[in-house]
Amino acid sequence: MLYNQEQIKEIIPHRDPFLLIDEIEEYTEKESVVAIKYVTGEEDFFKGHFPGYKVMPGVLILEALAQAGAFIVLNIDEYKNKIAFFAGADEVKWRRQVKPGDILRLCVKVEKFKFGMGIADAAAYVGEEIACSAKIKFAVQK
C-alpha cells in the first residue's frame, strides 16, 4: 500500500459516506493509479440497493473510478486543493455485479490532460474479472 485512506483525503476532497477509495496500491505521477475499495456490505447504499440482495450500484463503481482518476490530477502541484469534476463517461460497460466481500481494484490511466481537462481509460476489477470499464472525462476547478 502506497497511500491509506487518511493520506488519500489529503489529496481528494471526498469524504464519508461518499469516499469510495480505501487505499492506493500503485501510482505513477501524472499518468496512472491502481486504487482499492473493500466492499464490506456495511456501506450506506446497501440499505436500499437492494434489501435481500446487496449489490453495489453501477454508478458508484463508475464514481469510484472517477475518484481514483481525481487522485492522479489533484496530486499535480498546479491542481492541489482543487476539485476534479466528473465531466462525462463514454463506452461504459458493466460486466459483473459487485457484492459484499469483493475487493474492487480501480485502474485508471490518463490518456489526455490539458488546460485542466482530460480523458482517462478506466476499469474496475474483482479478481481478474472486469466489473466496469469506461472512458471517463474530467475537469479541474479553476
Side-chain angles (χ1 to χ4, degrees), residues 1-50 53-142:
M1 173 179 54
L2 295 176
Y3 295 83
N4 64 32
Q5 197 174 63
E6 289 307 309
Q7 294 166 314
I8 292 166
K9 290 194 287 191
E10 292 174 13
I11 307 297
I12 67 174
H14 304 79
R15 297 294 181 265
D16 289 331
F18 207 68
L19 179 59
L20 299 172
I21 299 173
D22 293 316
E23 61 188 52
I24 301 293
E25 258 188 6
E26 298 174 27
Y27 169 64
T28 302
E29 189 175 341
K30 299 180 183 179
E31 291 181 18
S32 64
V33 70
V34 176
I36 301 296
K37 165 66 179 148
Y38 297 101
V39 183
T40 66
E42 299 302 312
E43 293 85 355
D44 283 344
F45 53 80
F46 282 127
K47 292 177 185 173
H49 200 269
F50 297 98
Y53 191 83
K54 293 181 177 185
V55 62
M56 185 173 181
V59 294
L60 293 184
I61 299 168
L62 192 59
E63 172 64 25
L65 287 165
Q67 289 181 20
F71 183 88
I72 299 168
V73 297
L74 298 180
N75 234 331
I76 299 169
D77 286 341
E78 181 180 351
Y79 300 108
K80 286 189 187 285
N81 300 312
K82 302 266 185 173
I83 297 173
F85 294 101
F86 204 156
D90 292 326
E91 303 173 37
V92 180
K93 293 182 180 148
W94 287 278
R95 300 173 186 263
R96 179 196 193 283
Q97 293 178 355
V98 176
K99 298 180 178 183
D102 287 343
I103 297 172
L104 200 55
R105 194 171 81 251
L106 307 158
C107 304
V108 180
K109 182 175 173 49
V110 174
E111 291 182 348
K112 291 182 183 179
F113 185 57
K114 195 171 186 177
F115 306 116
M117 298 181 73
I119 299 172
D121 190 36
Y125 295 83
V126 175
E128 297 301 313
E129 291 182 75
I130 294 179
C132 177
S133 62
K135 297 277 186 193
I136 55 175
K137 298 176 185 179
F138 55 89
V140 180
Q141 170 190 26
K142 293 185 180 193

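- Distance alone, capped at 3.5 Å, is enough to place a donor-acceptor pair between the W94 side chain and the G58 backbone.
- The two residues A68 and A35 make their nearest non-hydrogen contact at CB-CB, 4.1 Å.
- Closest approach of R105 and V34 over heavy atoms only: CG-CG1, 3.5 Å.
- With rounding to the nearest 0.5 Å, the separation of CD1 in I83 from NZ in K142 is 15.0 Å.
- Interatomic distance, E111 CD to D121 CG, rounded to the nearest 0.5 Å: 5.0 Å.
- Judged by distance alone, the side chain of H49 and the main-chain N or O of V55 form a donor-acceptor pair under 3.5 Å.
- Side chains of F113 and V140 form a contact here, defined as non-hydrogen atoms less than 4.5 Å apart.
- Once rounded to the nearest 0.5 Å, the distance linking CG of N81 with CD1 of I12 reads 13.0 Å.
- Screening residues 9-26 for salt bridge (Lys or Arg N to Asp or Glu O under 4.0 Å), with sequence neighbours left out, gives E6-K9.
- L104 has its side chain out of reach of I36: every pair of non-hydrogen atoms, C-beta onward, lies at least 4.5 Å apart.
- Residue pairs meeting the side chain to side chain donor-acceptor pair (under 3.5 Å) criterion with at least one member in residues 123-132, sequence neighbours excluded: R96-E129.
- Counting heavy atoms of neighbouring residues, nucleotides and ligands inside a 6.0 Å radius, atom CG of D90 exceeds 12 of them.
- Heavy atoms of other residues, nucleotides or ligands lying less than 6.0 angstrom from NZ of K93 number 12 at most.
- For the pair C132/L65, a side-chain contact is recorded, criterion being any heavy-atom separation below 4.5 Å from C-beta on.
- Side chain of Q67 to backbone of L20: a donor-acceptor contact under 3.5 angstrom is found.
- Side-chain contact between M117 and F138 is absent, with no heavy atoms from C-beta onward closer than 4.5 Å.
- What you find for P57 and F45 is that their closest heavy atoms are CD-CD1, 3.4 Å.
- For the pair E43 and K37, the salt-bridge criterion is met [side-chain N within less than 4.0 Å of a carboxylate O].
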Next item on the list: For the pair I136 and I119, evaluate side-chain contact (heavy atoms from CB on, under 4.5 Å) and give the outcome as yes or no after the intermediate values.
Entry: CA-CA 6 Å; I136 55 175; I119 299 172; over 6 Å; no
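- Using modelled atom types, no side-chain atom of K54 and backbone atom of K99 make a donor-acceptor pair closer than 3.5 Å.
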Next item on the list: Give the intermediate values and the outcome of side-chain contact (heavy atoms from CB on, under 4.5 Å) for residues I61 and M56.
Entry: CA-CA 7 Å; I61 299 168; M56 185 173 181; 3.9 Å; yes
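- Across every non-hydrogen atom of D102 and Q97, the tightest pair is OD2-O, 3.9 Å.
- Every pair passing ring pair (Phe, Tyr, Trp, His ring centres under 6.0 Å) that includes a residue from residues 17-40 is listed here, sequence neighbours excluded: Y27-F71.
- Y79 and G116 make their closest contact through OH-N, 3.3 Å (heavy atoms, listed as atom of the first residue, atom of the second, distance).
- Contact check for Q5 versus L19: side-chain heavy atoms found under the 4.5 Å cut-off.
- Summarising the geometry, atom CD1 belonging to I11 is positioned 11.0 Å from atom CD1 belonging to I21; distances are rounded to the nearest 0.5 Å.
- Enclosure of atom CD1 in I103 is not indicated, since only 12 or fewer non-hydrogen atoms of other residues, nucleotides or ligands lie within 6.0 angstrom.
- When all heavy atoms of D44 and P17 are compared, the closest pair comes out as OD2-CB, 3.5 Å.
- Between V39 and F46, some side-chain heavy-atom pair lies under the 4.5 Å cut-off.
- Counting only heavy atoms from C-beta outward, the side chains of K30 and V110 never approach each other to under 4.5 Å.
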